[in-house]
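To keep things clear, I will list the structure first and then write my remarks on it.
Lettering follows sequence order; numbering is per chain, from 1.
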Amino acid sequence: METISIKFPDGKIKDYPQGITGSEIAGGISQGLLRDSLAIEVNGDVWDLNRKIMNDSEVKLLKWAEIGGKEAYWHSSSHLMAEAVESLFPGVKFGIGPSIDAGFYYDIDLGGHTLSPDDLIKIEQKMIELAKADSSFVREEKSWENAVAYFTEKKDPYKLELLDELKGQTITFYHHGKFTDLCAGPHLPSTGKIKAIKLLSVAGAYWRGNEKNKMLQRIYGISFPSQKELDEYLFRIEEAKRRDHRKLGKELDLFVFHDIAPGAPFWLPNGMIVFRELEKFLRFELDGAGYQEISTPILVKKELWEQSGHWAHYKENMFYFDNEETTFSLKPMNCPESTYVYRHRIRSYKDLPLRYSEIGRLHRNEISGALGGMFRVRQITMDDAHIYCRPDQIIEEINSLIDLVERFYSIFGLKPQYNLSTKPNGAMGDPQLWSEAEEGLKTALEQKKIKYNLKPKDGAFYGPKIDVQIQDALGRDWQIATIQLDFVMLPERFELEYVAEDGLRKRPVAIHRAIFGSFERFMGIITEHFAGSFPTWLSPTQVVVLPITDTQGEYAAKVYQALRRAGVRVELDDRNEKINYKIREWEMKKASYMLVVGEKERTATTVSVRQHKKGDIGVLPLDKFIENIIQEIQQKTLTI
RNA sequence: GCUGAAGUAGCUCAGUGGUAGAGCAGCGGUUUCGUAAACCGCAGGUCGUGGGUUCAACUCCCACCUUCAGCUCCA
């Protein structure tokens with residue numbers, strides 16, 4: 001028998017007989033490693049542990065901690081679920097059943113049956129039963145014709161459709177227990193590795209994500225190697241729900257939604273404090289960065305949108321109505337109107353770049369099913385800006401925009417995820433300009449050592465873009481900031497020009513950008529990010545003065561007045577309640593600081609400081625406390 | 001828009017074919033208290049909206065509105 005040499009991650013090389021499996025390699029090292037291994041990476045591909053290795057290879061055993069290990073685990077769990085569903089509902093047809101970031105799902109066509117929460121419990125119990133049977137996952141290579149024959153016999157149109165695209169290739173099947181599936185793998189050695197299972201939800205999902213196709217039922221689930229890990233996961237989900245901005249927004253009186261205005265928040269006084277602080281911060285920064293603020297009409301004639309192309313491409317998302325023979329629309333975007341500011345006089349090359357910022361209120365008719373708290377609203381307050389520059393100024397503008405984004409996000413302690421989207425099919429504009437711009441965006445990101453995902457062909461038809469995404473408490477991604485180059489929409493359609501050095505008229509480039517994205521979405525994001533405990537500069541209640549008894553009433557009022565005069569958002573809680581009661585209440589309202597004042601403090605002109613989430617942090621002279629908090633507010637110190 | 005689930009007091013929730021319940025919040029009293037809930041009392045609801053079935057509907061049926069999860073969408 002021939003031998004092959006296997007290289008391990010630590011660089012060691014060992015010889016094994018040809019046809020050795022991952023399980024045998026793991027078992028040869030230790031029983032513990034065999035027990036913990038879920039799959040094996042062979043020359044960069046993830047394989048089943050019991051697949052034979054025939055050639056010299058570089059391998060890495062994958063355990064739960066590795067993504068590849070988790071993927072195999074969850075993918076196998078989805079097969080196990082399919083087996084359970086098939087045994088309970090014979091004759092069902094299967095779509096696809098992959099692992100996802102957290103868990104797995106399977107899309108299933110159950111004919112006329114609609115899955116109920118009770119069904120999920122039954123399926124879950126069946127899965128546990130089947131896992132205990134510890135059936136091995138068996139990989140089988142089949143010819144394409146045999147594969148088609150199998151699913152023709154089984155009358156599964158979905159798998160046949162998938163096979164259609166794999167024509168001419170060797171097809172792999174996986175068997176375990178009574179279940180057989182078309183699948184590229186890899187899988188666990190056997191179902192017994194799956195110990196703790198929870199089916200989370202069932203929801204409709206269009207076959208292949210196309211709404212013209214039939215809607216299948218998608219069951220989401222998650223599984224873990226131990227009950228303890230499952231319990232911890234479920235607990236984390238519950239914790240995340242406590243951060244939900246919809247819940248915190250209500251509890252902290254930040255904003256409310258009402259049936260009377262679906263998709264548009266009522267900003268409450270506390271929410272407006274945060275809104276105004278964000279606005280103040282934004283304006284201060286943009287003033288310093290050479291922006292000029294403008295404000296353009298909300299209600300405009302539809303001719304504008306015909307010219308911009310929105311009427312043709314975006315009409316379904318617009319609110320419009322007729323008035324005296326004229327069709328008007330609420331603006332869904334600010335960009336076209338900013339060109340009117342640009343065009344209001346002749347621009348010289350010396351005027352550029354022109355940076356117009358606008359805190360604009362937009363309305364977009366989002367389909368009802370898309371609405372969700374502050375993350376997806378129909379009335380949007382955008383921190384928009386349009387920069388008009390010469391082509392030779394693009395790189396410099398992009399660089400300073402990335403700096404601005406980085407600066408903003410560091411203030412909040414947010415960790416953004418960058419995406420770079422490049423030229424889509426059917427894009428408009430000079431190809432040379434496109435490739436230069438894409439290269440420029442890429443270079444800018446790389447020089448600043450910013451990691452990003454490349455999204456090929458995902459740019460707008462008028463230019464490439466950099467997007468910033470951030471996750472909510474439940475791990476869903478939301479786009480926040482965006483930097484979009486535009487060679488076409490504004491410059492061409494609105495015939496923008498500047499007079500160049502040589503006296504000729506030339507076309508500027510436009511850059512659309514938002515940093516918060518929208519005040520609504522950003523408010524939702526930071527509410528969840530801070531779990532409602534805003535840093536002091538944003539906190540609706542920065543300080544509460546709490547006298548112990550009426551005897552300190554006068555002194556407490558003096559403390560309150562001193563803070564007020566210093567510009568601090570302060571409240572005086574002189575209600576006839578016990579100090580414990582007040583502390584509990586203000587702690588839950590997440591006031592940044594409580595100043596307890598009793599006899600000791602009154603006689604010494606001091607305050608006993610209690611910081612939110614930290615508790616009693618000692619006694620300070622009143623002046624010193626004011627000095628500290630003013631500094632904290634000015635520096636926008638992060639308190640978490 | 002699609003599939004499923006849900007909507008009861010300001011909030012969180014219980015209830016069920018026979019005239020609506022709790023805790024917290026609110027209001028009125030008593031209590032003046034040192035770092036996360038003092039005590040007593042009062043008030044509060046066309047049970048999302050509109051139809052239907054029934055002697056009787058918060059409860060069953062239908063439609064609509066809104067919310068939630070997912071899909072789709074997301075210049």
[X] to [Y], cation-pi by 6.0 Å centre distance and 45° axis angle:
{"X": "A:K589", "Y": "A:W586", "result": "yes"}
{"X": "A:R236", "Y": "A:Y233", "result": "no"}
{"X": "A:R602", "Y": "A:Y555", "result": "no"}

Expressed in angstrom and rounded to an integer, what is the separation of [X] atom [atom1] from [N] atom [atom2]?
{"X": "A:D107", "N": "B:G70", "atom1": "CG", "atom2": "P", "result": "14 Å"}
{"X": "A:M374", "N": "B:C68", "atom1": "CE", "atom2": "P", "result": "12 Å"}
{"X": "A:R602", "N": "B:G34", "atom1": "CZ", "atom2": "C1'", "result": "15 Å"}
{"X": "A:N213", "N": "B:U3", "atom1": "CG", "atom2": "C1'", "result": "15 Å"}
{"X": "A:Q611", "N": "B:A36", "atom1": "CD", "atom2": "C1'", "result": "16 Å"}
{"X": "A:E585", "N": "B:C11", "atom1": "CD", "atom2": "C1'", "result": "13 Å"}
{"X": "A:D118", "N": "B:A5", "atom1": "CG", "atom2": "C1'", "result": "13 Å"}
{"X": "A:D109", "N": "B:C71", "atom1": "CG", "atom2": "P", "result": "19 Å"}

Can you tell me if A:H612 and A:S533 form a side-chain donor-acceptor pair at under 3.5 Å?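 The criterion, which ignores hydrogens and geometry beyond distance, is satisfied for A:S533 and A:H612.
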Are A:R218 and A:Y220 close enough that a side-chain donor and a side-chain acceptor fall under 3.5 Å?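 Yes, a side-chain donor-acceptor pair sits under 3.5 Å.
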Any base atoms under 4.0 Å from [X], or only sugar-phosphate, or nothing? Heavy atoms, all strands.
{"X": "A:G553", "answer": "nothing"}
{"X": "A:V202", "answer": "nothing"}
{"X": "A:Y220", "answer": "sugar-phosphate"}
{"X": "A:D616", "answer": "base"}
{"X": "A:Q552", "answer": "nothing"}
{"X": "A:R610", "answer": "base"}
{"X": "A:T114", "answer": "sugar-phosphate"}
{"X": "A:L371", "answer": "sugar-phosphate"}

Does anything in residues 233-257 of chain A reach RNA chain B, meaning a heavy atom under 4.0 Å, and if so which residues?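 Output list: A:R246, A:K250.
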Looking at [X] and [Y], does any basic side-chain N land under 4.0 Å from a carboxylate oxygen?
{"X": "A:R584", "Y": "A:E587", "answer": "no"}
{"X": "A:E528", "Y": "A:R476", "answer": "no"}
{"X": "A:E238", "Y": "A:K241", "answer": "yes"}
{"X": "A:K465", "Y": "A:D467", "answer": "yes"}

Under 6.0 Å between ring centres, would you say that holds for A:W207 and A:Y158?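 So the answer is yes for these two rings.
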Under 3.5 Å between N/O atoms: give me all the protein pairs with nucleotides 37-47 of chain B, atom names plus distance.
{"residue": "B:A37", "atom": "N9", "partner": "A:R584", "partner atom": "NE", "Å": "3.3"}
{"residue": "B:A37", "atom": "N7", "partner": "A:R584", "partner atom": "NE", "Å": "3.1"}
{"residue": "B:A37", "atom": "N7", "partner": "A:R584", "partner atom": "NH1", "Å": "3.1"}
{"residue": "B:A37", "atom": "N7", "partner": "A:R584", "partner atom": "NH2", "Å": "3.0"}
{"residue": "B:A37", "atom": "N6", "partner": "A:R584", "partner atom": "NH2", "Å": "2.4"}
{"residue": "B:A37", "atom": "N1", "partner": "A:R584", "partner atom": "NH2", "Å": "3.2"}

Below 4.0 angstrom from OP1 or OP2 of B:G70, is there any side-chain N or O of A:R476? yes
Whether A:T549 contacts B:C33 is assessed here as follows: a side-chain N or O lying under 4.0 Å from the phosphate OP1 or OP2. Is that the case? no
C1' gap between B:A9 and B:G26, integer Å: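 The answer is 11 Å between these two C1' atoms.
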When rounded to the nearest Å, what value does the distance between C1' atoms of B:C13 and B:U8 take?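 Roughly 9 Å separates the two C1' atoms.
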Among B:C71, B:U67, B:G34, find the nucleotide with the atom closest to the side chain of A:I579.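 Minimum distance to the A:I579 side chain belongs to B:G34.
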Between B:G34, B:U32, B:G70, which one does the side chain of A:R218 approach most closely?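 Of the options given, the side chain of A:R218 lies nearest B:G70.
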Report the residue (A:L216 or A:K600) whose heavy-atom-nearest nucleotide on RNA chain B is the more 5′ of the two.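 The residue closer to the strand's 5' end, by nearest nucleotide, is A:L216.
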Output a table of nitrogen or oxygen pairs between the protein and nucleotides 59-64 of chain B separated by less than 3.5 Å.
none

Which atoms of nucleotides 72-75 of chain B (N or O only) lie under 3.5 Å from a protein N or O atom, and what are those distances?
{"residue": "B:U72", "atom": "O2'", "partner": "A:E211", "partner atom": "OE2", "Å": "3.1"}
{"residue": "B:C74", "atom": "O2", "partner": "A:R376", "partner atom": "NH2", "Å": "2.3"}
{"residue": "B:A75", "atom": "N6", "partner": "A:H313", "partner atom": "ND1", "Å": "2.7"}

Under 3.5 Å for both pairing distances: what stems, at least three Watson-Crick or G-U pairs long, include RNA chain B?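 As far as RNA chain B goes, consecutive pairing (with distances under 3.5 Å) yields the stems B:1-7 with B:65-71, B:10-13 with B:21-24, B:26-30 with B:38-42, B:48-52 with B:60-64.
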Check the angle between the aromatic planes of [X] and [Y] and answer parallel, tilted or perpendicular using the 30° and 60° thresholds.
{"X": "A:F328", "Y": "A:F321", "answer": "parallel"}
{"X": "A:Y342", "Y": "A:Y388", "answer": "tilted"}
{"X": "A:Y106", "Y": "A:H79", "answer": "tilted"}

If we ignore hydrogens and angles and just use 3.5 Å, is the side chain of A:H245 paired with the main-chain N or O of A:M374 as donor and acceptor? yes
I'd like to know if the side chain of A:R521 and the backbone of A:W478 have a donor-acceptor N/O pair within less than 3.5 Å.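 Side chain of A:R521 to backbone of A:W478: no pair is present.
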Step by step, work out the ring-ring contact (aromatic ring centres under 6.0 Å, His included) result for A:F89 and A:H113. CA-CA 9 Å; A:F89 305 95; A:H113 184 76; 4.9 Å; yes
Tell me which donor-acceptor pairs under 3.5 Å the side chains of residues 257-268 of chain A have, and how far apart each pair is, sequence neighbours excluded?
{"residue": "A:H258", "atom": "ND1", "partner": "A:I260", "partner atom": "N", "Å": "3.0"}

Among A:R575, A:K578, A:K590, which residue meets the salt bridge (charged side-chain N to carboxylate O under 4.0 Å, His left out) test with A:E585?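 Per the salt bridge (charged side-chain N to carboxylate O under 4.0 Å, His left out) rule, the option paired with A:E585 is A:R575, out of A:R575, A:K578, A:K590.
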